[in-house]
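All values below were derived from every heavy atom in this structure, side-chain atoms included, with hydrogens, water molecules and symmetry-related copies excluded. Within every chain, numbering begins at 1; the chains are lettered A, B, ... in the order of the sequence lines, protein sequences first and strands thereafter.
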There are 2 protein chains.
Amino acid sequence: MPRSNEVPIDRQRRRHLQSREEILDAALEVMDEAGVGDLNLTEVARRVGLRQPSLYQYFDSKTAVYDALFERGMRGHLAVLRDAAAGTAPGLATLRAMMTATVRFSVEHPVLSHLLFTQSVPGLTPSERAYRPSLEVVALTRAALSTAVARGELCASADSEQGLSLLIALTGGVASQQLANDPGTGFDQGRYARLIEPALDMYALYFAPEGGDGRLTQHVTPDERNP
Amino acid sequence: MPRSNEVPIDRQRRRHLQSREEILDAALEVMDEAGVGDLNLTEVARRVGLRQPSLYQYFDSKTAVYDALFERGMRGHLAVLRDAAAGTAPGLATLRAMMTATVRFSVEHPVLSHLLFTQSVPGLTPSERAYRPSLEVVALTRAALSTAVARGELCASADSEQGLSLLIALTGGVASQQLANDPGTGFDQGRYARLIEPALDMYALYFAPEGGDGRLTQHVTPDERNP
DNA sequence: GTCTATAATAGGATAGAC
DNA sequence: GTCTATCCTATTATAGAC
């Protein structure tokens, strides 16, 4: 078999995958305008220049579209966290960068954020494949917590189920308040997203390493920070 | 006109309002099973023993049902907060009771919580009337913050927009994590709802009154709390 | 791989009898 | 105040031609 037969096949595959991505992009647009739960395939098709039945060449069902979006979102979140972690010193600085990146991701991708972090689509149960990246997210977060403790930046109890859950609740709370109360505003505009900084200060103070009365007295009170 | 003519009219009004409440109860059930955004009036009618068109004697539209639920939920939340505030000493204790009550309310009424605190129904903009009780909720919270500062339980910067927003984000974060990750579990079962206690400790520590280095050294570290 | 045509269903809302 | 009957529209999904 001549090699020339195989190349066009790759090309077709590539175009097929490209079209899938375009469809997902359009789906996100539609969900942004109509609501996360109101994905309308006819409208999606219109935006990519197809008729609605043609979408079934790319996705088996509407649920498959949701699932693909879920996977894409989870991968995106994971990538953002890895970037944040890679660009900072290990330990508490990494932890702070990761949580800030999560809030930024949520604010910049409100639709994905709704899809991933709340259960906004009633019947939707993400496939194992789509869900998998989030396991890595948790592992990364645990590792950062653990490193921060090992470096003496946080006390040991930060690296526990409760410590992790508190951190997640804190971060998620900041993000979801911004999405609920200041939708459509950027990371730097809204009233809530910027709270991730003091929120992490709060967390670090609460889980401050013991034995450091000297450290505690160095603590700058909120009034001094905000005169 | 004889007085006897007026009494049955009151009775009819009463029954009418009673039926409205029954319809709202059924609507909550349906939303609980199908998803907050998937309110199905035919199913609601079936549950209250009516045919779907008969509902229009009680509500002008599906949106009107949502709006009534929104108002009912907001009133319920406000009532719960007032109860919590009334049963505690003023200041920080009141604040803690109110935030804990909010998390409890969210966990015990997940559907209402979704409806009130996230925008889960795309087109839905609550009427001014339905939204009004939430203004009182914010006022109550501000008052409690202010009292806690006046009593020397928190430093002055707690009684600011940022202090309020942080508190709301913290509380909302705990509640929404529980709803997203441990749905269907009670206040005492889930992994997240109980975090409201340490979360409030964290908040109180961060906004601890100044000038008390002695106070700071009295601080019990998390490791000592959780041996 | 894209189309037209169409099935199949669902669900909100109205008209008018009783 | 409740019903039956019906309208209207939207939307997922399939069949089959090109």
- Query: Going by an N to O cut-off under 4.0 Å, is there a salt bridge joining B:E71 and B:R129?
  - Reply: yes

- Item | Inter- and intrachain pairs under ring-ring contact (aromatic ring centres under 6.0 Å, His included), touching residues 93-124 of chain B, at least two apart | B:H77-B:F105, B:H77-B:F117, B:F105-B:H109

- Query: When you measure from every atom of DNA chain C, which of residues 57-71 of chain B have a heavy atom less than 4.0 Å away?
  - Reply: B:S61, B:K62

- Would you call B:L145 and B:R142 a side-chain contact if the rule is heavy atoms closer than 4.5 Å? no

- May I ask you to check whether A:Y66 and A:F70 place their ring centers less than 6.0 Å from one another? no

- Message: Return the CZ to CG distance between B:R15 and B:D10, rounded to the nearest 0.5 Å.
- Response: 14.0 Å

- Query: Between which nucleotides of DNA chain D, read 5' to 3', does contact with chain B run, using atoms under 4.0 Å from its heavy atoms?
  - Reply: D:dG1 to D:dA5

- Message: Nearest heavy atom decides the nucleotide; on that basis, is B:P53 or B:H16 closer to the 5' end of DNA chain D?
- Response: B:H16

- Between CG on residue B:L179 and OG1 on residue A:T118, distance to nearest 0.5 Å: 10.0 Å

- Verify the neighbour count for atom CG of A:D25: are there more than 12 heavy atoms of other residues, nucleotides or ligands below 6.0 Å? yes

- Message: Taking the basic N atoms (NZ, or NE/NH1/NH2) and the acidic carboxylate oxygens, is any pair closer than 4.0 Å for B:R72 and B:E21?
- Response: yes

- Message: Need the bend value for the helix from C:dG1-D:dC18 to C:dC18-D:dG1: angle between end axes, 5 pairs each end, nearest 10°.
- Response: 0°

- Message: Can you list, in residue-number order, the parts of residues 23-48 of chain B that come under 4.0 Å of DNA chain D, counting heavy atoms only?
- Response: none

- Taking atom CZ of B:F187 as the centre, does the number of heavy atoms from other residues, nucleotides or ligands within less than 6.0 Å exceed 12? yes

- Message: Please evaluate residues B:R96 and B:D201 with respect to the criterion salt bridge (charged side-chain N to carboxylate O under 4.0 Å, His left out), reporting the C-alpha separation (whole Å), side-chain torsions for both, the decisive distance (0.1 Å), and the verdict.
- Response: CA-CA 9 Å; B:R96 293 186 73 108; B:D201 292 342; 2.8 Å; yes

- Query: What's the CD-P distance between B:Q52 and C:dT9, to the nearest Å?
  - Reply: 19 Å

- Task: Hey, could you give me each pair passing side-chain hydrogen bond (donor to acceptor under 3.5 Å, both in side chains) that has a residue in residues 30-40 of chain A? Not counting sequence neighbours.
- Result: A:E33-A:R47

- Item | Point-to-point distance, once rounded to the nearest 0.5 Å, from CG of B:L154 to CG of B:D159 | 9.0 Å

- Message: So does B:T42 get a backbone contact from the side chain of B:R46, meaning a donor-acceptor N/O pair under 3.5 Å?
- Response: no

